[in-house]
Amino acid sequence: MVRKSVVLLLVLVALYILSPFLVEVGMGAIFAVLFYPWMRRVELGWFPNSLAAGLFTLGVTVVLFIPIAIMTVSGVK
């Protein structure tokens, strides 16, 4: 019983400390799940794993996140 209480207390403290970042962590998890099949395809291609990860991250940033950021800034102005 004491062990379960300590674990519960640690989980609650961690959630309290990390609460400002939970949305970002959740979105990161969602994007990781969404893009995993494409990442596997790139890894199984001609590139080594580290280079494939870098290229894929660069590609997703250029294709997805930069246009969203530009539209957000334009919308705020």
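- In this structure, CG on Leu44 lies 8.5 Å from CG on Asn49, to the nearest 0.5 angstrom.
- A distance of 4.0 Å separates CZ of Phe65 from CZ of Phe31, quoted to the nearest 0.5 Å.
- In this structure Arg40 satisfies the side chain to side chain donor-acceptor pair (under 3.5 Å) test together with Glu43, sequence neighbours excluded.
- Under the 4.5 Å side-chain heavy-atom criterion for grouping Ile, Leu, Val, Met, Phe, Trp and Tyr, Leu10 is connected to Val2 within one hydrophobic cluster.
- Connection of Met27 to Val60 is established within a shared hydrophobic cluster, with ILVMFWY side chains joined at heavy-atom distances below 4.5 Å, either directly or through further cluster members.
- Classification of the Phe35-Trp38 ring pair by plane angle, with boundaries at 30° and 60°, yields tilted.
- For the atom pair Thr61 OG1 and Ile68 CD1, the distance stands at 11.0 Å (nearest 0.5 Å).
- Here the straight-line distance linking atom CE of Met39 with atom OG1 of Thr57 works out to 6.5 Å at 0.5 Å rounding.
- For the atom pair CD1 (Ile70) and CD1 (Ile66), the distance works out to 6.5 Å, reported to the nearest 0.5 Å.
- At a threshold of 4.5 Å between side-chain heavy atoms, the hydrophobic network of Ile, Leu, Val, Met, Phe, Trp and Tyr places Val25 and Ile30 in two separate groups.
- Leu34 and Leu55 fall within the same hydrophobic cluster, defined by Ile, Leu, Val, Met, Phe, Trp and Tyr side-chain heavy atoms under 4.5 Å apart, directly or through other members.
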